[in-house]
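First up is the structure itself, then whatever we jot down about it.
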Amino acid sequence: MLGVLGDEWTLLIIQRALLGSTRYNDFVAALPISDSVLTGRLRSLVAADLLARRQYQTHPPRWEYALTARSRSLWPMLMSIWEWERRWVPAHVEPLPAMCHGLCGSEFSPLVTCQACRATATEKDVVAQWGPSGSWSRSVPATTNRRRSATRRGRAGLLFPQTMSVIGDRWAFALLVGTFVGLTRFTDFRSQLGAPPGTVADRLALFAADGILVNARGRYQLTEKGRGFFPVLVTALRWAQLWYPAPEGPAVQLTHAGCGGPFIPVLVCDQCATELRGAQVIAVHPLPE
Ligand SMILES: [Zn+2]
Ligand SMILES: [Zn+2]
């Protein structure tokens with residue numbers, strides 16, 4: 001999942017597709033992207049079954065890019081990223097526009113609820129446990145640490161700068177999941193993640209600098225901002241488990257303490273309490289051109 005989504009251009013292209021873009025020039029008009037980067041990303045999105053390429057004109061031949069079931073189901077994660085960045089990351093060049101719910105017409109925030117019992121769910125009442133693989137180490141191959149710390153901070157984030165520092169780096173994502181599982185100590189992160197000490201120290205320092213974790217006498221704890229990432233984590237994990245099921249079972253199992261059932265996140269509008277639908281993502285105000 002992180003191999004596919006740990007790339008900001010990929011997320012932005014899918015977001016534009018969810019907002020209605022289908023043609024090459026739509027993406028060019030909506031994103032500050034170069035031709036070579038866009039061409040490359042469209043190709044890899046088609047290969048990953050996140051976009052379907054189809055011909056809409058034969059003379060001259062023209063192609064468009066349609067959402068697939070796999071990419072259409074990414075809207076809860078993208079909506080959660082949008083909300084978190086909008087609320088917690090003040091460093092955006094342009095403030096992110098609010099989202100408007102097409103059904104009730106209100107500006108809204110998505111609320112995470114439990115599919116089984118419909119109650120609102122937070123990180124306090126969803127219990128995360130490592131799945132059958134026992135720890136994250138098998139899910140985070142050592143060779144996938146592709147972003148180096150020196151370049152990580154220097155990279156100019158487009159719309160989701162801090163989200164990308166979490167999901168653009170597998171170790172960072174695993175470490176943040178670890179905090180929701182209840183890890184607090186450096187040595188526990190190291191052993192649970194099977195990560196080199198420098199890697200763990202680097203990610204912990206990054207999260208502390210971004211105000212996602214706070215170091216209280218040797219224990220790393222989520223801040224309110226860190227806890228606010230919960231919707232992104234659970235929607236991302238849900239998507240991964242739907243589309244990339246591991247034969248040995250999920251890496252992380254979530255249980256809703258409120259009802260005792262397996263936790264499946266459902267987003268509802270905080271204004272009208274109606275379950276949000278993917279098609280309503282089009283109600284997000286367009287970005288300033
Ligand atoms: Zn429940
Ligand atoms: Zn609503």
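When a ligand or atom number is given, it counts from 1 through the structure's own listing order.
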Inset, instruction - Check all N, O or S atoms of H256 and name the one closest to the Zn ion (ligand 1). - result: ND1
Inset, instruction - Everything protein-side that's N, O or S and under 2.8 Å from the Zn ion (ligand 2): list it, residue and atom. - result: H101 ND1, C104 SG, C269 SG, C272 SG
Inset, instruction - Report, as yes or no, whether the 6.0 Å neighbourhood of atom CZ on R87 holds more than 12 heavy atoms from other residues, nucleotides or ligands. - result: no
Inset, instruction - Could you tell me whether R41 sits above the aromatic face of F27, with NZ or CZ closer than 6.0 angstrom to the six-membered ring centre and within 45 degrees of the axis? - result: no
Legend entry - NZ or CZ of R238 within 45° of F263 ring axis and under 6.0 Å: no
When you check the gap from the basic side-chain N to the acidic O, do [X] and [Y] get nearer than 4.0 Å?
X: E64; Y: R53; answer: no
X: R227; Y: E224; answer: no
X: R203; Y: D169; answer: yes

Inset, instruction - Could you walk me through whether S73 and W239 pass the side-chain hydrogen bond (donor to acceptor under 3.5 Å, both in side chains) test, one step at a time? - result: CA-CA 7 Å; S73 64; W239 186 80; 3.1 Å; yes
Inset, instruction - Could you please compute the angle at the Zn ion (ligand 1) from SG of C114 to SG of C259, rounded to 10°? - result: 120°
